[in-house]
**Student:** 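One structure follows; several queries about it will come next.
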Amino acid sequence: MYSIAYNLKAIFQRIHTFDAKLLVTLLLEVVFSVLFPLLVNVFPAFLLWCAAQSSYAQAFTMLGIYALVLLLCSYGSSRLSEYNAARLIGLRFTYSLDMMEQVLHMAYSDLENPKIRDEQAQAVMYSVNANEYGFEGIIREGKTALSSLCGLLAYILIIAKDDLLFSVLFALVALLQMCMYRRARTYEQTHKQDWIKEARLFSRLQFLFTKPDPAKDIRLYQLQDWIMGKVTRLSAHCIKWNQKVQKRYFYAQIKEAFVLLLRDGIAYLWLIDQAMKGMAMDTFVLYVSLVASLSTWTKALVKSLNHMQMDHRGINDYRQFMEKYQQKDATLSLSDPIGKIEFDHVSFRYEGGDWIFEDFCLTIHAKEKVALVGINGAGKSTLMKLLCGLYVPQRGRVLIDGVEVTKLSAKQRSDLISIVFQDAAVFALSLAQNVSCDDEYEEQAVWEALKQAGLAEAIHALPNGIHTPLTNLIEENGVHLSGGETQKLMLARALYHDGKILILDEPSAALDALAEAALYEQYAAMCTDKTSIFISHRLASTKFCDTILYLEKGKIIEKGTHTELLAQQGRYAELYEVQAQYYRKEQTV
């Protein structure tokens, strides 16, 4: 847990890097924020002083100068406020970008963990999600607090020349006001976890309203009332939590109002007493204005300091998350990779679950074509995520060319492995950018990858070819690919990146069985210089592989070629015979 002073120091260092001039303009805004109200409060007393002058010319001259100073202060304050507000938004965006980069580089297993997702939601809730909170909020409120403190001290010093005890009373009441909200702030902080999960679910449901994919099911299965019911219950829970927090702030405000009433009553009684003792009229008017403004300054100071405490806690949540899940990328790389894969006594399970793999061993030689087959839930995709470094085994090692995958840099793993998962990720970018995953690409290489994937003909028919935007989330003229076309696009992406290891994790689920088998054989013929892993629950699609591994409950129970496994009359042969009717094309398979 960092102190508020430490957080402010870190923010000022960021401001100095982001825009050093901002520190100066913030201080100038504070000066104008104190000076302008002071001049406004002094103005009635100044009018009385001018009225007492014997020369009209002198009085009007002084009034003109005073009005000009007021105008300049008002203009300066407004201009500085506009400039600082815009720059503070930019400052907050730098922290948002840091969080985005952190999440993009976080371990995949962390992103799958709901507890960590809740931590991330909490980390951004009161730090970067709005102007009035977190990094931007603490500067805004700090600026107000400094202005209020300077104004309060200036007014107290003016009054202190007539009555020091009265000034001390105001200072003590200000301190008392700050303590009144401590209990409410503590309750709000300690009970944040009561609603953060519901808030994240509420945001997720709101996102579903506008996402095209779930929109079909929502309408076809008439889920609108069910979703609205959940949203209403979540809203009620959040409102109930907020009411509990506001109730405690309300009690604090009642106590504050009583103390302020007592303070102001004493203040005005003191002024009446001073007037009866012969205080000058202009001084009396000045002190009446100052006493009223003292209440405003004190309330603004207390409110800002309380808000800064909340901002400080939000910043702490942000910084703790950033430090806790900071990824240190490995630095090892392979000078001349060949694509040999080893699973060395690997044991893995999801948090709180049973072992999926226990003491698992497997070697796949360079340029070997291997099929991983088995029923759904056998662990095929999990094994590939271990190979890609998305998961880290609890025991054992996963190696590529003798080097642990987790010790290879992220770029090296990306260069080594081209993989297509079952669930396709289509980005709202151009088709070429979806293939290359970059703004800069070789058009000829993109077309070649599309051709190999069997998608080039369809793309040629589009008006803008590979420059056609996909989806209409950003571009109105964006196109939507069919399920089969999307799978081919993902295959083109893997081929474009041309890794030494090619993994096809059932990417052809949108194709029929015969088309899948033909597609796999086509890729096998094109990728003779790569280590290739083909995953499918359709056994006939992988007959061409050098080795077929039948996976069941995290163990390889059968291994061999297609012919060898059929001859064994084991689980592979049994499942193959069940599926055989789907793989006949004019002749029996």
Side-chain angles (χ1 to χ4, degrees), residues 101-113 325-351 355-372 379-421 436-438 493-505 507 523-524 526-535 545-549 551 554-556 559:
E101 186 174 3
Q102 173 92 333
V103 173
L104 284 170
H105 289 88
M106 276 177 61
Y108 179 76
S109 55
D110 287 339
L111 287 178
E112 287 190 324
N113 190 323
Y325 298 106
Q326 187 174 19
Q327 288 295 113
K328 293 182 179 179
D329 194 14
T331 56
L332 286 181
S333 60
L334 299 172
S335 57
D336 188 21
I338 59 173
K340 181 182 178 182
I341 300 167
E342 295 174 83
F343 291 87
D344 181 25
H345 300 280
V346 168
S347 295
F348 176 79
R349 64 180 174 188
Y350 294 104
E351 185 178 352
W355 290 107
I356 297 175
F357 296 102
E358 198 165 7
D359 199 35
F360 181 87
C361 294
L362 172 64
T363 298
I364 300 175
H365 298 286
K367 300 183 182 180
E368 186 178 6
K369 295 179 180 62
V370 174
L372 274 176
K380 304 184 294 293
S381 295
T382 301
L383 197 64
M384 293 304 98
K385 289 175 182 176
L386 285 165
L387 173 59
C388 294
L390 296 177
Y391 293 154
V392 178
Q394 281 82 7
R395 295 194 297 267
R397 302 177 303 165
V398 181
L399 306 105
I400 296 179
D401 294 341
V403 178
E404 284 190 57
V405 168
T406 53
K407 293 182 179 179
L408 292 171
S409 67
K411 185 180 185 308
Q412 174 80 91
R413 293 199 299 268
S414 178
D415 291 342
L416 273 173
I417 303 171
S418 297
I419 185 168
V420 183
F421 287 112
S436 65
C437 296
D438 201 343
R493 180 185 294 171
L495 291 170
Y496 179 89
H497 287 273
D498 196 30
K500 281 290 183 181
I501 300 171
L502 174 67
I503 304 171
L504 302 184
D505 185 0
Y523 278 99
M526 289 189 298
C527 302
T528 55
D529 61 335
K530 302 180 187 300
T531 304
S532 306
I533 302 175
F534 301 88
I535 298 176
C545 288
D546 302 322
T547 305
I548 298 174
L549 306 173
L551 203 64
K555 297 183 183 299
I556 297 173
K559 178 180 179 180

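Given the structure is predicted, the values throughout are model-derived calculations rather than measurements.
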**Student:** State, with a plain yes or no, whether a side-chain heavy atom of Leu387 is found less than 4.5 Å away from one of Phe343.
**Tutor:** yes

**Student:** Supply the atom-to-atom distance Met384 CE to Ile419 CD1, rounded to the nearest 0.5 angstrom.
**Tutor:** 7.0 Å

**Student:** Could you state the interatomic distance from NE2 (His497) to OG (Ser414), rounded to the nearest 0.5 Å?
**Tutor:** 6.5 Å

**Student:** Can you name the salt bridge (Lys or Arg N to Asp or Glu O under 4.0 Å) partners of Arg397, sequence neighbours left out?
**Tutor:** Asp344

**Student:** Once side chain to side chain contact (heavy atoms under 4.5 Å, CB included) is applied, do any residues pair with Glu358, and if so which ones, sequence neighbours excluded?
**Tutor:**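 Listed in chain order: Ser347, Trp355, Arg395.
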
**Student:** Do Ile341 and Val370 have side chains that get closer than 4.5 Å, going by heavy atoms?
**Tutor:** no

**Student:** Only counting residues at least two apart or in another chain, list the ones meeting side-chain hydrogen bond (donor to acceptor under 3.5 Å, both in side chains) with Ser436.
**Tutor:** none

**Student:** How would you list, by chain and number, every residue that makes a side-chain hydrogen bond (donor to acceptor under 3.5 Å, both in side chains) with Thr382, sequence neighbours excluded?
**Tutor:**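 Thr382 satisfies side-chain hydrogen bond (donor to acceptor under 3.5 Å, both in side chains) with Tyr350 only.
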
**Student:** The criterion is salt bridge (Lys or Arg N to Asp or Glu O under 4.0 Å); which residues satisfy it with Glu101, sequence neighbours excluded?
**Tutor:**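 Result, salt bridge (Lys or Arg N to Asp or Glu O under 4.0 Å) vs Glu101: none returned.
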
**Student:** Compare every heavy atom of Met106 with every heavy atom of Leu111, then report the nearest pair and how far apart it is.
**Tutor:** CD2-CE, 4.2 Å

**Student:** Test of understanding: with side-chain hydrogen bond (donor to acceptor under 3.5 Å, both in side chains), list the residues that count as partners of Glu112, not counting sequence neighbours.
**Tutor:**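 Expected list: Tyr108, Tyr391.
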
**Student:** Taking all non-hydrogen atoms of both residues into account, name the closest pair between Lys385 and Phe421 and its distance.
**Tutor:**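 Minimum heavy-atom contact is CG-CE2, 4.2 Å.
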
**Student:** Can you name the residues that form a salt bridge (Lys or Arg N to Asp or Glu O under 4.0 Å) with Asp401, not counting sequence neighbours?
**Tutor:**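 Residues passing salt bridge (Lys or Arg N to Asp or Glu O under 4.0 Å) with Asp401: none at all.
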
**Student:** Nearest 0.5 Å please: distance from the OG1 atom of Thr531 over to the CD1 atom of Ile503.
**Tutor:** 10.0 Å

**Student:** What's the spacing between Asp415 CG and Ser409 OG if we round to 0.5 Å?
**Tutor:** 7.5 Å

**Student:** By side chain to side chain contact (heavy atoms under 4.5 Å, CB included), which residues pair with Val405, not counting sequence neighbours?
**Tutor:** Val398, Ile400, Arg413

**Student:** To the nearest 0.5 Å, how far apart are NZ in Lys367 and NZ in Lys530?
**Tutor:** 10.5 Å

**Student:** Treating Lys380 as the side-chain partner and Asp505 as the backbone partner, does any N or O pair qualify as donor plus acceptor under 3.5 Å?
**Tutor:** no

**Student:** Under the side chain to side chain contact (heavy atoms under 4.5 Å, CB included) test, which residues partner Glu342, sequence neighbours left out?
**Tutor:** Lys340, Thr363, Leu399

**Student:** Quick one: closest heavy-atom pair of Asp498 and Ser418, and the distance?
**Tutor:** N-OG, 3.7 Å

**Student:** With side chain to side chain contact (heavy atoms under 4.5 Å, CB included) as the test, would you mind laying out the steps for Ile556 and Phe360 before giving the verdict?
**Tutor:** CA-CA 9 Å; Ile556 297 173; Phe360 181 87; 3.7 Å; yes

**Student:** Once rounded to the nearest 0.5 Å, what's the spacing between atom SG of Cys545 and atom NZ of Lys369?
**Tutor:**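 The NZ atom of Lys369 is 8.5 Å from SG of Cys545, to the nearest 0.5 Å.
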
**Student:** Taking only residues two or more places apart in sequence, or in another chain, which ones meet Phe534 in a ring pair (Phe, Tyr, Trp, His ring centres under 6.0 Å)?
**Tutor:**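 Phe534: ring pair (Phe, Tyr, Trp, His ring centres under 6.0 Å) contacts with Tyr520, Phe544.
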
**Student:** Does the side chain of Phe348 come within less than 4.5 Å of Gln394's, by heavy atoms?
**Tutor:** yes

**Student:** Can you list the residues that meet the salt bridge (Lys or Arg N to Asp or Glu O under 4.0 Å) rule with Lys559, with sequence neighbours excluded?
**Tutor:**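 Once residues adjacent in sequence are excluded, Lys559 has no partner under the salt bridge (Lys or Arg N to Asp or Glu O under 4.0 Å) criterion.
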
**Student:** Mind checking what makes side-chain hydrogen bond (donor to acceptor under 3.5 Å, both in side chains) contact with Asp110, not counting sequence neighbours?
**Tutor:** none

**Student:** Measuring only between side-chain heavy atoms, which start at C-beta, is Phe357 closer than 4.5 Å to Leu551?
**Tutor:** yes

